[in-house]
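In what follows, a single structure is set out as structure tokens and then discussed.
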2 protein chains.
Amino acid sequence: MTQKDEFDLQNFLPYLLNQAAEESSYAFQRVYKDRYGMLRNEWRVLFHLGRYGQMTAKEIGERAKLHKTKISRAVGKLEQRRYLLRTRDEADRRSEILSLTPAGQTVYKDLRETAQGYDAKLSAMFPTGEAALLRGMLRRLSGID
Amino acid sequence: MTQKDEFDLQNFLPYLLNQAAEESSYAFQRVYKDRYGMLRNEWRVLFHLGRYGQMTAKEIGERAKLHKTKISRAVGKLEQRRYLLRTRDEADRRSEILSLTPAGQTVYKDLRETAQGYDAKLSAMFPTGEAALLRGMLRRLSGID
DNA sequence: CCTTGTTAGTTACAAAATCAACTATTATCC
DNA sequence: GGATAATAGTTGATTTTGTAACTAACAAGG
């Protein structure tokens, strides 16, 4: 029975990552959820349009690694709330060009500020330099680099 | 328009953590899902019982930070599959003592091996020492320490 | 004891994610 | 050009999660 069973969930990287992700997302989630009634995918779509300007659902999907059904539904919701506009792309009538309305941009800016401040607070948990290292490692794990 | 808008989702810690968690969980998820038809919560409950021996649903909840409904459903599923047994706790008849069947233990051991190997592979992505640092930071973010 | 409050766990209903099938349009290639 | 395949996006059916209400058992105070 006394196997070398040091292995513990609390050392398992996927588990740790999930816990950290959940915990660290919580406070910010409350903002976009409670303040704007938005879901995570809606916030992500909003962010991409706010940050990078107009683009199609497909492009958002590629950048944000979101499945097209998630995007489709998020776009629908954001449109209902008058945060975004769709325009048929006349060059390729299958796709739509999405862009934020002024209202959407206002929400984006508010959420971006909040996110930025929250990120700073999280980063401040670590000594100088370490937060940057952490980001690098996470990017590596996500297969971004 | 040329605001100091360096802020990017790809630098936002909660986002990075989510991406890394998703990506790094994927390969392992396929194992317990495809090989045993299990869900994440089921694997976690199984793991806790396999690793620490019999305990009640409540104790699992505290250790694994899982809500009681998730545990309740996971336990039901694991029982159906004959991976665990419930015994009414005679000292407190509200709670049940949960334990793995031999079949459950076999599954646990297999998954633990797989997890261990997978974790080693992930850790090997980083120079010596850095993986430990990463774990420490993640624990910190999860509020474990 | 007996009312009131807690706690362990389940269940029911609503919200959301997943997966496959579907429509409309464009690209390929004979 | 016309059949076939590929692509953008939507919709519907199923599964999974989240939330709140519920049952059963224990605890505490009078």
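Please read all numbers here as calculations on a predicted model, not as lab measurements. A, B, ... follow the sequence lines: proteins, then strands. Residue 1 opens every chain.
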Q | Contact nearer the 5' end of DNA chain C, comparing A:Leu39 with B:Arg73 | A | B:Arg73

(Q) For A:Lys109, is there an ion pair with A:Glu113 - N to carboxylate O distance below 4.0 angstrom? (A) no

Q. Residues from residues 93-100 of chain B sitting under 4.0 Å of DNA chain D, heavy atoms only?
A. B:Arg93, B:Arg94

Q. Can you check the B:Arg40 CZ to D:dT17 C1' distance for me, whole Å?
A. 11 Å

Q. Roughly, in whole Å, what's the span from CE in B:Met38 to P in D:dT15?
A. 19 Å

Q | Value in whole Å for how far the P atom of C:dA24 lies from CG of A:Asp89 | A | 19 Å

Q) Is any NZ, NE, NH1 or NH2 atom of the basic residue among B:Asp89 and B:Arg94 found under 4.0 Å from an Asp or Glu carboxylate oxygen of the other? A) no

Q. Within this structure, what is the CZ-to-C1' distance between B:Arg86 and D:dA24, rounded to whole angstrom?
A. 15 Å

Q: Mind checking B:Ile71 for me? I need base, sugar-phosphate or nothing, with any heavy atom below 4.0 Å counting as a touch.
A: nothing

Q: Could you check B:Arg81 against B:Glu42 for salt bridge (charged side-chain N to carboxylate O under 4.0 Å, His left out), going step by step and ending with a plain yes or no?
A: CA-CA 11 Å; B:Arg81 297 239 166 82; B:Glu42 293 161 28; 3.6 Å; yes

Q) Base, sugar-phosphate alone, or nothing: which one does B:Arg88 contact when heavy atoms must sit under 4.0 Å apart? A) nothing

Q: May I have the distance from B:Tyr32 (atom OH) to D:dT16 (atom P), rounded to whole angstrom?
A: 12 Å

Q | Donor on one side chain, acceptor on other, A:Asn18 and B:Ser25, under 3.5 Å | A | yes

Q. For the residue pair A:Tyr118 and A:Phe28, does the interplanar ring angle fall in the parallel (under 30°), tilted (30 to 60°) or perpendicular (over 60°) class?
A. parallel

**Q.** A:Asn41 CG - D:dT10 C1' separation (whole Å)
**A.** 16 Å

Q: Would you please say whether a donor-acceptor pair under 3.5 Å links the side chains of A:Arg135 and A:Ser123?
A: yes

Q | Atom pair CG/CG of A:Asp119 and B:Leu9 - distance to nearest 0.5 Å | A | 10.5 Å

Q. With a cut-off of under 6.0 Å to the ring centre and 45° to the axis, is A:Arg63 in cation-pi contact with A:Tyr52?
A. yes

Q | Spacing between B:Asn18 atom CG and C:dA17 atom P, to the nearest angstrom | A | 12 Å

**Q.** Residues from residues 57-70 of chain A lying under 4.0 Å of DNA chain D - heavy atoms
**A.** A:Ala57, A:Lys58, A:Lys68, A:Thr69

Q: Verify the distance criterion only: is there a donor paired with an acceptor across the side chains of B:Arg88 and B:Ser95 at less than 3.5 Å?
A: no

